[in-house]
Number of protein chains: 2
Amino acid sequence: MTIKEVSEKYDLSADTIRYYERIGLIPHVPRKENGIRDFDEAACGWVEFSKCMRSAGVQVEALIEYVDLFFKEGTEEARKDILVEQRARLQEQYEQLKATMERLDYKIAHYEEIMGKKCPNLKA
Amino acid sequence: MTIKEVSEKYDLSADTIRYYERIGLIPHVPRKENGIRDFDEAACGWVEFSKCMRSAGVQVEALIEYVDLFFKEGTEEARKDILVEQRARLQEQYEQLKATMERLDYKIAHYEEIMGKKCPNLKA
DNA sequence: TTAACACTTAGAGTGTACTCGAAGTCAAGA
DNA sequence: TCTTGACTTCGAGTACACTCTAAGTGTTAA
């Protein structure tokens with residue numbers, strides 16, 4: 001698969017994918033003889049994984065570290081630790097998000113109430 | 001209240017609070033005769049609100065717009081629209097977060113499993 | 001065979017949200 | 001009185017994560 005196809009498949013710009021490879025957020029992508037990237041299943045998997053993690057807010061730095069460890073033996077525990085730490089971060093974000101959404105709901109309900117009073121004919 | 005007290009109360013740097021006021025993310029804070037900020041209850045409320053929204057990921061731009069409208073009459077609907085849009089954004093983040101957390105859980109469980117096999121004596 | 005277009009690298013530029021530095025004012029304690 | 005330290009403004013600097021540009025190569029369709 002070309003970078004363009006991968007870019008469309010996962011809705012990530014080709015620039016971003018190249019950037020991810022350059023900084024080590026995804027491992028080196030195989031090339032054709034002419035040097036053009038030719039994504040195999042593994043490479044696609046990494047793109048998909050990085051997209052999922054990044055769109056939830058996992059830091060680039062943590063992913064680079066994880067990918068780096070992934071190709072070294074005996075690093076299972078260190079890899080797990082990274083995942084556990086990131087999971088805890090997401091949990092915090094989750095709580096914060098839930099609380100803020102509730103607060104927004106409350107405020108929205110308030111606006112709906114006062115608008116209902118001011119424009120009772122909107123419903124007529 | 002001084003900016004330092006407010007900063008400690010809400011765990012936001014004084015720099016950030018001044019920045020928020022400067023860009024209009026919180027309304028103008030009352031001053032003493034010597035020009036020093038003297039936060040009243042309303043000002044504290046705005047700080048708390050902005051902290052809550054920002055830490056959930058609500059954009060600075062949207063909050064500035066909201067605060068701006070807040071002091072103009074007849075903008076209730078526009079204000080509500082901002083809140084509704086931001087609420088939808090948070091909902092999306094929420095879904096993404098949930099999915100990624102589940103994925104991390106799965107990966108973490110996998111590491112725990114292989115580590116259990118490799119080091120069965122850890123439990124002994 | 002030549003134009004159009006996708007690809008390559010390396011490095012510079014951008015947007016968002018702070019964060020810091022400089023220069024100055026003011027109040028309280030040694 | 002002098003120093004310490006918190007405050008002020010305003011503009012510059014930083015961190016993070018892209019995003020774009022330049023210069024060049026390779027492939028395909030007219």
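Throughout, a chain's letter reflects where its sequence line sits, starting with A, and its residues are numbered from 1. Note: hydrogens, waters and symmetry copies are ignored here, and every other heavy atom, side chains too, is used.
For the pair A:Met1 CE and C:dA6 C1', the interatomic distance rounds to 16 Å; values are reported in whole Å. Taking atom CG of A:Leu25 as the reference point, atom P of D:dT19 lies 14 Å away to the nearest angstrom. Going from atom OH of A:Tyr10 over to atom P of D:dC18 covers 17 Å, rounded to whole Å. Distance, A:Leu63 CG to D:dA17 C1': 12 Å, rounded to whole Å. Rounded to whole Å, the distance from NZ on B:Lys4 to P on C:dC26 is 21 Å. Regarding A:Ile3, its CD1 atom lies at a distance of 10 Å from the C1' atom of C:dT8, rounded to whole Å. B:Arg89 has its CZ atom 12 Å from the P atom of C:dT16, to the nearest Å. Here the P atom of nucleotide D:dA17 and the CD1 atom of A:Ile17 are 17 Å apart, to the nearest Å.
The side chain of B:Thr16 approaches C:dC18 more closely than any other nucleotide in the set C:dC18, D:dT9, C:dA6. Looking at the side chain of B:Ile36, the nearest of the listed nucleotides C:dC7, D:dT8, C:dC18 is D:dT8. Distances from the side chain of A:Tyr19 to the nucleotides C:dT9, C:dA6, D:dC18 place D:dC18 closest. Minimum atom distance to the side chain of A:Tyr20 is reached by D:dC18, of the listed C:dT9, C:dC18, D:dC18.
For the helix from C:dT1-D:dA30 to C:dA30-D:dT1, the angle separating the two terminal helix axes comes to 10°, with each axis derived from five pairs and the value rounded to 10°.
Where B:Asp15 and B:Val60 each meet DNA chain C at their nearest nucleotide, the meeting point lying more 5' is that of B:Val60. Nearer to the 5' terminus of DNA chain C, by closest-nucleotide assignment, is the contact made by A:Asn34 (compared with the other of B:Arg22 and A:Asn34).
In this pair, B:Tyr111 and A:Tyr66 present their aromatic rings perpendicular. The plane angle is above 60°, beyond the 30 to 60° band. Ring pair B:Trp46/B:Phe70 is perpendicular by interplanar angle, where above 60° counts as perpendicular and below 30° as parallel.
Applying the 6.0 Å contact sphere to CD of A:Glu5 captures more than 12 heavy atoms from other residues, nucleotides or ligands.
Between B:Thr2 and D:dC7 there is a side-chain N or O to OP1 or OP2 distance below 4.0 Å.
In this structure, a donor-acceptor pair under 3.5 Å is absent between the side chains of B:Glu92 and B:Gln96. For the residue pair A:Ser50/A:Arg54, the side-chain donor-acceptor check at 3.5 Å is not satisfied. Judged purely by distance below 3.5 Å, without hydrogens or angles, the side chains of A:Gln93 and A:Arg89 never pair a donor atom with an acceptor atom.
Residue-level contact check: A:Arg18 touches the bases, meaning some heavy atom is under 4.0 Å from a base atom. The residue B:Arg37 sits close only to the backbone: its heavy atoms come under 4.0 Å of sugar-phosphate atoms, none of a base.
Under the 3.5 Å distance criterion, the side-chain polar atoms of A:Thr75 are matched with a main-chain donor or acceptor of A:Lys72.
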